[in-house]
Amino acid sequence: MKAIIIDDEKHVRGVLRMLADWERFGIGEVLEARDGEEAKKLIAEHRPEIVFTDMNMPNLDGIGLLEWLREHAGDSKTIVISAYDDFHYMRNAIYYGSFDYILKPMEADVLNETLGRAVETWRREAISRLSAFENDRIASAAKPLYWDRVLSSLLGRSPAPEAAERLAREFGAVPGRDLFTVLLISVRAYAAVKSSGKMEDAFAALLPVCAEALQPGEGVAFRHTAKPDELAILAWNLKDADALAKRIHAAVWQAARMKLLVAVGRAARQIADAYESALDAMMRCDLQSAFKARAVVRFEDVEPRPVLHLLDYAQDLTLALQSGSAEGADRLLDRVLETVKASGGMTFEQVHNWESQYRLLQARWLQEYDIRDSRGLSGGEGYWDEDGSFSMRRFRDEKRRQFHELIRLLHDVKYKKEKNSIREIESYLRQNYKREVTLQEIAERFYLSREYISRKFRQEFGLTITDYVTQVRIEKAKELLENPHLKVYEIADYVGYQNDKYFIKVFKRAEGVTPSEYVRTRAEMKRGGPSD
């Protein structure tokens, strides 16, 4: 805390500084001023919590300073010190809100008792001020959210209880009596271009612009809480809805240089009817045509059009992804987009439908390949030019990028999975080399086709499965032949050959010598060469 001593007599300031127990009361800095004018500058700069002031000073006396303090430092606690036991001074000190009045000469116990009460009172009031400020701050922050929810409720067929009454009480607009018009803006383009995809930032920027464009009593702008990207304007008794839409569009352009689409519904007594027509206008208009025109679309100007379902192409998409062919995926994507173009162009309804169905298909593909982490995959939503216009080229590029990323991911996982599977088969063969392991048994055990196993195994090891098992058996037989106590027929049986003659034949084909010749040659090598 800080304190200031204001007195034109230096020795008085010194006595007060000496008598007060500043440290006990948590006061770490004590300022001094010779008169009211000098004090005003120091108080404005340092904001001391405790003010000691004389009443009879040059330039600006205590009464003038008290009046200034009440206006500019009302939270501080002022203690008047004076040599005059004068009712005039005391009355003004009380009138202007001084905390207490001490007569000179000052006594230490009286001074510190008064200072202690002043500090305690200031701290108690500071806590109250902080609490009040925090409550005001929370209330201010919650109020927009509260109205967003109330007004969003009115857009639906089952509004929240008393929502209509609150609308009437706050804005004077009565559902069923007044004529309502809803205007809708999708903030997706703004979020994508201006705020790194953050919807909160987009609403924070656009809502004040739309609210400013509305005339008093004309309507209210709010965030539709049921939709992640809808900014709604509820207006009533409009004479010209088109004029309002153009005004809002122009205001957004002026503030953000963005051509955001404004959809205008038809006027209706029921707010839900007005909203549904505005939603139809926004969702069904051809995005490219709308932005090329005036970026304002009315319900009367749109017609129902077919929506392409990506799920209808699921089989073709799956084959393209499984083949690992980016070119095949591109051809399929171009074919789908040509169908969209032929049906009347890209709409918000088509975009939303495409995105939701793609997420469904992607989840299915990732599950099939046992991929749990998809954070590296693109969201594929950068469809907008810098001015907020929808770009079919960007849409195509984003979707192509999505397909290519997914193809690479699935191909990498598939390759690793295949490699692991073949390695597991190889390990299984080494564990079971003593018996006949059929290709059908392997196929059933590892859930792979016999043709696939044969092809991939040969690619990985350069041998057929039969030749590989034979190689393992011969390797094991050579180890066993080092034991002089084992007979050839015993070794043959141990490595999986019931017929020792067939074993000898297979061994000679693999090593160029019979088992007996192999043993003799090894023995000679150990002795240092063949004997005479």
Side-chain angles (χ1 to χ4, degrees), residues 151-152 154-156 167 171-190 202-203 205-224 227 229-305 344-351 384-385 387-390:
L151 296 168
S152 296
L154 290 168
L155 301 182
L167 178 72
F171 300 102
V174 180
R177 183 197 72 186
D178 293 308
L179 205 56
F180 291 91
T181 304
V182 172
L183 292 78
L184 293 177
I185 298 174
S186 171
V187 306
R188 291 185 66 178
Y190 185 98
F203 281 107
L206 294 173
L207 276 170
V209 175
C210 295
E212 185 68 23
L214 288 164
Q215 296 175 359
E218 189 175 38
V220 58
F222 59 98
R223 179 177 185 170
H224 188 190
K227 300 289 183 69
D229 62 342
E230 267 185 27
L231 188 157
I233 295 122
L234 177 63
W236 43 87
N237 302 326
L238 287 179
K239 294 181 180 178
D240 191 342
D242 267 7
L244 174 58
K246 292 175 183 176
R247 201 189 320 145
I248 290 172
H249 182 266
V252 171
W253 172 254
Q254 184 68 28
R257 287 295 185 265
M258 296 286 285
K259 296 179 180 177
L260 299 189
L261 181 69
V262 182
V264 185
R266 62 186 176 190
R269 302 287 178 191
Q270 298 302 321
I271 296 174
D273 293 335
Y275 168 71
E276 288 175 5
S277 62
L279 185 62
D280 282 346
M282 184 171 73
M283 297 299 286
R284 294 180 178 177
C285 70
D286 176 9
L287 291 174
Q288 286 183 292
S289 300
F291 281 106
K292 285 179 181 177
R294 52 178 183 160
V296 173
V297 60
R298 301 181 306 168
F299 171 76
E300 293 81 3
D301 298 331
V302 297
E303 297 178 357
R305 60 185 68 198
M346 187 63 71
T347 64
F348 268 126
E349 185 176 18
Q350 181 66 75
V351 170
W384 317 96
D385 287 331
D387 65 355
S389 300
F390 177 81

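All figures in this text were calculated on a predicted structure; none of them were measured in a lab.
Ring planes of F348 and W384: tilted class, angle from 30 to 60°. Between F180 and W236, the two ring planes are perpendicular [angle over 60°; tilted spans 30° to 60°].
Remark: side-chain polar atoms of N237 are paired, donor with acceptor, to backbone N or O of L179 under 3.5 angstrom. For the pair R305 (side chain) and G344 (backbone), a donor-acceptor distance under 3.5 Å is present. The backbone N or O of W253 lies less than 3.5 Å from a partner atom in the side chain of R257, making a donor-acceptor pair. Here the side chain of R298 pairs no donor or acceptor atom with the backbone of V264 at under 3.5 angstrom. Side-chain atoms of D240 come within 3.5 Å of backbone atoms of A243 as a donor-acceptor pair (strictly under, hydrogens ignored).
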Could you go step by step and tell me if L231 and C210 meet the side chain to side chain contact (heavy atoms under 4.5 Å, CB included) rule? CA-CA 9 Å; L231 188 157; C210 295; 3.9 Å; yes
Could you walk me through whether Q350 and M283 pass the side chain to side chain contact (heavy atoms under 4.5 Å, CB included) check? CA-CA 8 Å; Q350 181 66 75; M283 297 299 286; over 6 Å; no
Show your reasoning for whether side chain to side chain donor-acceptor pair (under 3.5 Å) applies to E230 and Y275. CA-CA 12 Å; E230 267 185 27; Y275 168 71; 3.0 Å; yes
Can you list the steps and then say if L244 with E218 is a side chain to side chain contact (heavy atoms under 4.5 Å, CB included)? CA-CA 9 Å; L244 174 58; E218 189 175 38; 3.8 Å; yes
Could you give me the CA-CA distance, side-chain angles and deciding distance for V262 and V297, then say whether side chain to side chain contact (heavy atoms under 4.5 Å, CB included) is met? CA-CA 6 Å; V262 182; V297 60; over 6 Å; no
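Among all heavy-atom pairs drawn from A189 and L260, the shortest one is CB-CD2, 4.0 Å. Of all heavy-atom pairs spanning D273 and A268, the tightest one is CB-CB, 3.8 Å. Nearest heavy atom pair, residue V302 against residue C285, reads CG1-CB, 3.7 Å. Scanning both residues, L155 and I271, for their nearest heavy atoms gives CD2-CG2, 3.9 Å. Nearest heavy atom pair, residue S152 against residue R223, reads OG-O, 3.1 Å. Between A221 and L207, the closest heavy-atom pair is C-CD2, 3.9 Å.
Within the 4.5 Å cutoff, the side chain of M346 has heavy atoms near those of the V351 side chain. I185 has its side chain out of reach of L261: every pair of non-hydrogen atoms, C-beta onward, lies at least 4.5 Å apart. Considering only heavy atoms from C-beta on, D387 stays 4.5 Å or farther from M258 through its side chain. By the 4.5 Å heavy-atom criterion applied to side chains, Q215 and R247 are counted as neighbours. Looking only at side-chain heavy atoms (C-beta outward), I233 and V220 stay at 4.5 Å or farther from each other. Looking only at side-chain heavy atoms (C-beta outward), L279 and K227 come within less than 4.5 Å of each other. L167 has its side chain out of reach of V174: every pair of non-hydrogen atoms, C-beta onward, lies at least 4.5 Å apart.
For Q254, the CD atom is loosely surrounded, since the number of other residues' heavy atoms within 6.0 Å does not exceed 12.
How far CG of L206 is from CD1 of I248: 11.0 Å, rounded to the nearest 0.5 Å. Atoms CG and OG, from L287 and S186 in turn, are 9.0 Å apart once rounded to the nearest 0.5 Å. The CZ atom of F203 sits 12.0 Å away from atom OH of Y190, with the distance rounded to the nearest 0.5 Å.
Between S277 and the choices M282, E300, R266, the side-chain contact (heavy atoms from CB on, under 4.5 Å) rule is met once, by R266.
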